[in-house]
> 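This is the structure, below, for whatever I ask next.
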Amino acid sequence: MAMTRSKHLLTEYWFDILIRIVLIGLFIELEKAEPFTRKIHEDELWLYKNPRTDSYVPTIILWPLVFVMPVIIIFWVFLIYKDKTDTYQAVLSVTLTLGFNGVITDIIKLIVGRPRPDFFWRCFPDGQTNPDFKCNGNPIAIRDGKKSFPSGHSSFAFASFGFIALYIAGKLHTFSLVGKAQSWKLCAFIFPICIALAIALSRTCDYHHHWQDVVVGSIIGYILAYMCYRHYYPPLDSQVCHKPYAALTHQIQLENVGNRNEQIKWI
């Protein structure tokens with residue numbers, strides 16, 4: 001029976017890895033796809049004539065924050081509790097969150113094809129339009145300029161830091177009876193959310209996104225973070241919110257086996 005269980009766990013392990021590889025592959029391919037070209041009417045052109053500026057949070061800063069920070073937090077928790085099961089489940093949760101977020105965000109971007117606030121200058125770098133409104137700028141900049149909705153920076157920020165907030169809250173019992181009336185635990189939950197919020201809001205300050213893009217992107221990221229976290233961990237108001245379902249299930253199985261052995265001994 002132990003051999004069968006080991007084979008089952010090994011199958012699940014490789015299947016989990018395969019799912020994440022597929023999500024990464026889809027994300028990479030979607031990033032290179034051409035979005036829908038939406039017609040821009042003259043009376044709305046002002047929405048897309050904001051100046052082109054550098055990102056306040058460029059991707060070379062965003063990606064380390066999004067991918068490295070959860071790893072640091074998970075490793076830090078492992079050093080404290082030495083719980084390999086929790087570490088494995090946390091990695092599964094955050095990688096699934098980021099994988100789903102990348103694919104879903106990109107699919108919406110491609111279907112909607114909303115121009116960015118600075119799209120005019122991407123389309124016409126010299127500021128001179130033509131009767132057909134046919135872009136003459138850099139094709140890569142133009143393609144990226146049609147991916148405003150929803151904000152990828154916002155969705156990834158809230159997916160990553162949203163997970164961190166939930167994970168920390170679970171470990172500290174922030175929302176269970178044990179952690180009530182301890183303000184520092186609430187601050188530990190809110191702080192990652194504030195980082196995500198700052199990243200999201202920066203996208204309106206550098207004219208790379210409209211406010212609607214940021215709002216929807218943030219909601220998508222946090223919802224996915226919550227869904228994937230709850231797939232592996234109990235509710236935050238649970239007395240066992242610090243333990244993953246895998247550990248709780250294993251514990252229940254061991255207790256059931258122990259109870260059966262006790263019954264057999266008495267018989």
Side-chain angles (χ1 to χ4, degrees), residues 15-40 47-48 50-71 94-125 132-163 196 199-200 202-204 206-210 212-225 228:
F15 188 66
D16 284 332
I17 292 178
L18 179 62
I19 288 174
R20 285 149 183 81
I21 291 174
V22 170
L23 289 173
I24 292 172
L26 281 174
F27 173 69
I28 292 173
E29 289 302 314
L30 290 170
E31 279 288 292
K32 297 182 290 186
E34 187 68 29
F36 172 70
T37 300
R38 187 167 295 280
K39 181 177 176 56
I40 300 177
L47 286 168
Y48 314 116
N50 289 281
R52 289 198 68 181
T53 61
D54 294 330
S55 296
Y56 286 132
V57 184
T59 52
I60 58 173
I61 294 177
L62 177 71
W63 295 135
L65 285 173
V66 166
F67 292 107
V68 176
M69 285 306 299
V71 173
V94 71
T95 52
L96 191 64
T97 300
L98 295 174
F100 275 137
N101 181 76
V103 172
I104 292 172
T105 300
D106 268 4
I107 288 175
I108 299 174
K109 280 177 176 288
L110 295 175
I111 293 174
V112 175
R114 187 183 192 186
R116 295 183 186 271
D118 61 357
F119 181 73
F120 177 85
W121 298 105
R122 293 171 183 258
C123 190
F124 306 107
D132 299 328
F133 205 81
K134 188 174 181 180
C135 296
N136 54 33
N138 186 314
I140 296 177
I142 293 170
R143 183 183 68 188
D144 182 63
K146 293 186 285 186
K147 294 182 178 181
S148 188
F149 182 89
S151 166
H153 273 60
S154 303
S155 66
F156 269 109
F158 271 90
S160 178
F161 287 94
F163 165 82
I199 294 173
S202 75
R203 302 304 282 170
T204 62
D206 54 24
Y207 303 113
H208 283 236
H209 285 285
H210 308 276
Q212 299 95 331
D213 311 334
V214 168
V215 171
V216 174
S218 301
I219 292 172
I220 291 172
Y222 190 76
I223 287 177
L224 289 172
C228 293

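Both backbone and side-chain heavy atoms feed into the values below; hydrogens, waters and symmetry mates do not.
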> Any carboxylate oxygen within less than 4.0 angstrom of a Lys/Arg side-chain nitrogen, looking at Arg116 and Asp144?
yes
> Minimum heavy-atom separation for Val94 and Pro70, please, with both atom names.
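That would be CG2-CB, 3.8 Å.
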> Quick one: does Ser155's side chain have a donor or acceptor within less than 3.5 Å of a partner on Gly217's backbone?
no
> For the CZ atom of Phe124 and the CD1 atom of Ile142, what is their distance to the nearest 0.5 Å?
8.5 Å
> Would Leu65 and Ser160 satisfy side chain to side chain contact (heavy atoms under 4.5 Å, CB included), going step by step from the backbone distance to the final call?
CA-CA 8 Å; Leu65 285 173; Ser160 178; over 6 Å; no
> Which of parallel (below 30°), tilted (30 to 60°) and perpendicular (above 60°) describes Phe67 and Phe156?
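Rings of Phe67 and Phe156: tilted, 30 to 60°.
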> Heavy-atom count check: over 12 atoms from other residues, nucleotides or ligands less than 6.0 Å from Tyr56 OH?
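It does not: Tyr56 OH has 12 such atoms or fewer within range.
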> Restricting to non-hydrogen atoms, name the atom on Val112 and the atom on Arg38 that form the minimum distance, rounded to 0.1 Å.
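That would be O-NH2, 2.8 Å.
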> To the nearest 0.5 Å, what is the distance between CZ on Arg52 and OH on Tyr207?
14.5 Å
> Look up atom CD1 in Ile21 and atom CG in Asp16, then write down how far apart they are to the nearest 0.5 Å.
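Reported to 0.5 Å precision, the distance equals 11.0 Å.
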> What closest approach, in Å, do Ser55 and Asp206 show between heavy atoms, and which atom pair accounts for it?
CA-OD2, 3.4 Å
> If you look at every heavy atom in His209 and Lys109, which pair is closest and at what distance?
CE1-NZ, 3.9 Å
> So do the side chains of Lys146 and Thr37 get within less than 4.5 Å of each other, counting heavy atoms only?
yes
> Kindly give the heavy-atom pair with the smallest separation between Thr105 and Gly152, and that separation in Å.
CG2-CA, 4.0 Å
> I need the minimum non-hydrogen distance between Val103 and Leu30, along with the two atoms involved.
O-CD1, 3.8 Å
> Stepwise, does the side chain to side chain contact (heavy atoms under 4.5 Å, CB included) test hold for Leu96 with Arg20?
CA-CA 7 Å; Leu96 191 64; Arg20 285 149 183 81; 3.5 Å; yes
> How about Met69 and Phe161: do any of their side-chain heavy atoms sit closer than 4.5 Å?
yes
> So that I know where these two stand, are His210 and Tyr48 an aromatic pair - ring centroids less than 6.0 Å apart?
yes
> Walk me through whether Thr59 and His153 qualify under side chain to side chain contact (heavy atoms under 4.5 Å, CB included).
CA-CA 8 Å; Thr59 52; His153 273 60; 4.1 Å; yes
> Do Ile104 and Leu224 have side chains that get closer than 4.5 Å, going by heavy atoms?
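Yes; the side chains approach each other to less than 4.5 Å.
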> Within the supplied structure, the quantity of interest is the number of heavy atoms (other residues, nucleotides, ligands) at a distance under 6.0 Å from Ile140 CD1; does it exceed 12?
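12 or below, so no.
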> Pair Leu98, Val66 - check side chain to side chain contact (heavy atoms under 4.5 Å, CB included), show working.
CA-CA 9 Å; Leu98 295 174; Val66 166; 3.7 Å; yes
> Measuring from atom OG of Ser154 to atom NE2 of His208, what distance do you get when rounded to the nearest 0.5 angstrom?
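Ser154 atom OG to His208 atom NE2 measures 12.5 Å (nearest 0.5 Å).
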> Given Arg203 and Ser151, is the side-chain hydrogen bond (donor to acceptor under 3.5 Å, both in side chains) satisfied, shown in steps?
CA-CA 8 Å; Arg203 302 304 282 170; Ser151 166; 4.6 Å; no
> Calculate, to the nearest 0.5 Å, the distance between atoms CZ and CD1 belonging to Phe133 and Ile40 respectively.
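Spacing of CZ (Phe133) from CD1 (Ile40) equals 4.5 Å.
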> Side chains of Ser148 and Pro115: does their closest heavy-atom pair fall under 4.5 Å?
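No - every pair of side-chain heavy atoms lies 4.5 Å or more apart.
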> Rounded to the nearest 0.5 Å, what's the gap from CD1 on Ile111 to CZ on Phe149? Could you check?
11.0 Å
> Do NZ/NE/NH1/NH2 and the carboxylate oxygens of Asp213 and Arg114 come within less than 4.0 Å?
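Salt bridge between Asp213 and Arg114, a charged N being under 4.0 Å from a carboxylate O: yes.
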